[in-house]
Amino acid sequence: MKRGHRTGKPKGGYPRFWGRHAVIAALANPDRVVRKIWGTREAISELELPPVLPIVYSDVADLGRMVPHDAPHQGLVAEVEPLDDIWLGDMLEQGQDDQRPILVLDQVTDPHNVGAILRSAAAFDALGIVTQDRHAPPESGTIAKAACGALEIIPWVRVVNLARALDEIAEAGYWRIGLEGEAEEMLGNALAGANKVALVLGAEGEGLRHNSMAHCDILAKLPISPRMESLNVSNAAAIALYATVNR
């Protein structure tokens, strides 16, 4: 898959990942540059590390000061470079011969939710996720930890204009289903007869913006009890993915 390039040091410095899954997945990703690793002797002894990688042996207290409060670092912290950009057209070309779904996130900004959605996307073999560049969180240790390694294997496309991206997705043959709690159609009915599917989800609380709804082929809701108004967006994504791959 073709990627764009980023130049210079990211604003705010390079991301730091923590925890075994996130760090090991970053080390295993040939597209990821790991700049430095800190860890306890016990944790580092269990890894196969390239000889050129700078290693700093640290105790648990030192590592705890490098990550957010109470973050479960499991004895490992790594400084990484963000992955290069992926172009939407290249991702769509990669999926032209299969029916893997796409997830489109409309201003979902919570990094825990984005990480959990990446994990579900990997679990259900999604083609990738699409977000706006300016209204989505940057790569971070929080996302990497919540994604449990999926950040390294699920393509994440960032676009400037989500409406134009949805048009491009439609031109590639995808049926765009917007998840909206007030919709009349159930997701199962919206999926009937669909070949390729793009699931469009909005931010928790605010939901899909009107312009995003206008660029969907159909709006649908999950069959949840009327006693509960809505689901967390990451939970909704997991359920919608399950329904899509098992239709």
Heavy-atom donor-acceptor pair, [X] side chain to [Y] backbone, under 3.5 Å:
X: Trp18; Y: Pro68; value: no
X: Asp106; Y: Arg209; value: yes
X: Arg32; Y: Glu81; value: yes
X: Lys145; Y: Gly115; value: no
X: Asp133; Y: Val160; value: no
X: Ser120; Y: Ile117; value: no

Determine whether [X] and [Y] fall in the same hydrophobic cluster, where Ile, Leu, Val, Met, Phe, Trp and Tyr are linked whenever their side-chain heavy atoms lie under 4.5 Å apart.
X: Met91; Y: Leu162; value: yes
X: Ile86; Y: Ile153; value: no
X: Ile129; Y: Leu166; value: no
X: Ile55; Y: Leu63; value: no
X: Leu222; Y: Trp175; value: yes

If you measure from [atom1] on [X] to [atom2] on [Y], what distance do you get to the nearest 0.5 Å?
X: Leu191; Y: Asn246; atom1: CG; atom2: CG; answer: 10.5 Å
X: Leu208; Y: Leu201; atom1: CG; atom2: CG; answer: 7.0 Å
X: Phe124; Y: Leu103; atom1: CZ; atom2: CG; answer: 10.5 Å
X: Leu199; Y: Leu241; atom1: CG; atom2: CG; answer: 6.0 Å
X: Glu152; Y: Leu83; atom1: CD; atom2: CG; answer: 5.5 Å
X: Arg176; Y: Ile102; atom1: CZ; atom2: CD1; answer: 11.5 Å

[X] versus [Y], closest heavy-atom pair with distance:
X: Ala150; Y: Ala122; answer: CB-CB, 3.7 Å
X: Arg100; Y: Asp125; answer: CG-O, 3.1 Å
X: Phe17; Y: Ser140; answer: CE2-O, 3.5 Å
X: Gln74; Y: His21; answer: OE1-N, 4.5 Å
X: Pro137; Y: Ile143; answer: CG-CD1, 3.8 Å
X: Asp97; Y: Lys196; answer: N-NZ, 4.3 Å

Taking the side chain as every heavy atom from C-beta outward, state whether [X] and [Y] have any pair of such atoms under 4.5 Å apart.
X: Val245; Y: Gln99; value: no
X: Val233; Y: Asp110; value: no
X: Trp156; Y: Leu118; value: yes
X: Leu76; Y: Ile44; value: yes
X: Leu27; Y: Leu53; value: yes
X: Met66; Y: His73; value: no
X: Arg16; Y: Val67; value: no

*For Gln96, does the CD atom have more than 12 heavy-atom neighbours from other residues, nucleotides or ligands under 6.0 Å away?*
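For Gln96, atom CD is crowded (more than 12 foreign heavy atoms under 6.0 Å).
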*asked:* I need the single residue from Arg35, Lys36, Glu139 that forms a side-chain contact (heavy atoms from CB on, under 4.5 Å) with Tyr14. Which is it?
replied: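 In the set Arg35, Lys36, Glu139, the residue that makes a side-chain contact (heavy atoms from CB on, under 4.5 Å) with Tyr14 is Arg35.
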